[in-house]
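Take a look at the structure set out below.
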Amino acid sequence: MQFPLNETLTIEFKSDVKSYSTDKLVYELIGMANAEGGKLFLGIEDDGTVTGVNAQHRDALSLVAIIRENTIPPIAVSASLETDDCTGKDVLVFSVELTGQLHSTRNGRYGYRTMRQDGTPATKPLSPEEIVQRLAYIQVLDPSSQIIKDISSEEAFSSIEHERLRKLIGLHHGDRTLLELSDEEIDLALGFSRRIEDKLYPTIAGLLIVGKQEFIETYVQDMKYFFR
C-alpha cells in the first residue's frame, strides 16, 4: 500500500517506535470524529517516513474495542494493518467516520481537529462555550428544545462540575459576567436548563457539561434523546 506523504485536516501521522500512548490515541481520534473525520496512520513519522507499528499495537480489533470503550458516545472507528509497498513495514490505519454527535474521552476531555496558523493540523481542547456551539453546528441538538423531562436539573447537575465550569470560563477568558451568576442562572443563560411550569429540566448540552456521570451514561448515550 502507498501511504499519504503529508498530514492534512483529515490525515494524521503518529510515530509508534516508542509505543504511542493509548490515551493520546483516543484523544486524537476524538478530535477527528468531532471535526471532519479522517485517517490516522500509526507507524509513520511527522515527515512521512514509515517506521512501522509497535508490536504492542498489532491487534487492531482489540485496540478498536479499547478506543470505543473509552469514548462517550463511542466513536465510529475501524482499523486495519497495512503494509508499506516500499519498506515492507506494517502501519496500523484508523478510519474515523462522522456520526453527527459530539464525542469526549471517558474522563470528559473534548477535542477538535483544526489547522494551526502555520498550516499544520492539531487537536485542540474545546472550551465549554465551544462545546455548545459545536453541538448546535453539527445539529446534534438544539439547546433551546432538546429537554430531558424524566429528571430535574437539580438532581441531574453536579456542583463539582459547575465549579469546574467556572474555572474553565476564567481560564479561557470567557464571558466573565457569567461568573457573577448563580449555578441556576448560568444553566438558564447557557441553555443547560429549560423552565417548564416553574420547574427546571436539563438539556443534553447541560448534561454533557455539568451533569452527573450516572445521568450522562443513562441519557446522553441513549440515541432516542438525540432524535425526539
Tell me, do [X] and [Y] make a side-chain contact under 4.5 Å, heavy atoms counted?
| X | Y | value |
| --- | --- | --- |
| L40 | V96 | no |
| N70 | T105 | no |
| R166 | D183 | yes |
| V53 | V91 | no |
| S193 | F157 | yes |
| L63 | F94 | yes |
| T203 | R194 | yes |
| R109 | I30 | no |

- Message: Between D187 and H162, is the side-chain contact (heavy atoms from CB on, under 4.5 Å) condition met? List the steps.
- Response: CA-CA 9 Å; D187 294 339; H162 273 112; 2.8 Å; yes

From [atom1] ([X]) to [atom2] ([Y]), nearest 0.5 Å:
| X | Y | atom1 | atom2 | answer |
| --- | --- | --- | --- | --- |
| I151 | L200 | CD1 | CG | 12.5 Å |
| M32 | I11 | CE | CD1 | 8.0 Å |
| D198 | I196 | CG | CD1 | 11.0 Å |
| L5 | T49 | CG | OG1 | 10.5 Å |
| E214 | L207 | CD | CG | 10.5 Å |
| L29 | L42 | CG | CG | 9.5 Å |

In terms of hydrophobic clusters joined by side-chain contacts under 4.5 Å, are [X] and [Y] together?
| X | Y | result |
| --- | --- | --- |
| L165 | L179 | yes |
| L92 | Y20 | yes |
| V50 | L81 | no |
| L208 | I75 | no |
| M1 | I44 | yes |

- Item | For Y110, all residues meeting ring-ring contact (aromatic ring centres under 6.0 Å, His included), sequence neighbours excluded |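 None.
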
Locate the shortest heavy-atom distance separating [X] from [Y]; write the atom from each residue and the value.
| X | Y | result |
| --- | --- | --- |
| F192 | V210 | CD1-CG2, 4.2 Å |
| Q101 | P73 | OE1-CG, 3.0 Å |
| K124 | T114 | CD-CG2, 3.9 Å |
| S80 | E82 | OG-OE2, 2.9 Å |
| L98 | A35 | CD2-O, 3.3 Å |
| A76 | R68 | CA-NH1, 4.1 Å |

Using atom types as modelled and distance alone, determine if a side-chain donor or acceptor of [X] lies under 3.5 Å from a backbone N or O of [Y].
| X | Y | value |
| --- | --- | --- |
| K89 | D84 | no |
| T71 | S104 | no |
| N34 | Y112 | no |

- Query: Is E185 atom CD crowded by more than 12 heavy atoms from other residues, nucleotides or ligands, each under 6.0 Å away?
  - Reply: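 Result for CD/E185: enclosed.
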
- So with a 6.0 Å cut-off around CD of Q2, is the heavy-atom count from everything else above 12? no

- Message: Strictly below 4.0 Å, N to O, side chains only: are E217 and R106 in salt-bridge contact?
- Response: yes

- Task: Dump the intermediate steps for side-chain contact (heavy atoms from CB on, under 4.5 Å) on E36 and T8, then the final yes or no.
- Result: CA-CA 11 Å; E36 305 298 330; T8 67; over 6 Å; no

- Proximity of F41 and F3 rings by center, below 6.0 Å: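 Ring centres of F3 and F41 closer than 6.0 Å.
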
- Message: Which residue is it: E28, E45, E7? I am looking for the one with a salt bridge (Lys or Arg N to Asp or Glu O under 4.0 Å) to K14.
- Response: E28

- Query: With E12, which of R113, K39, K24 fulfils salt bridge (Lys or Arg N to Asp or Glu O under 4.0 Å)?
  - Reply: R113

- Results of side-chain contact (heavy atoms from CB on, under 4.5 Å) for D23 - residues two or more places apart only: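 D23 satisfies side-chain contact (heavy atoms from CB on, under 4.5 Å) with S21 only.
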
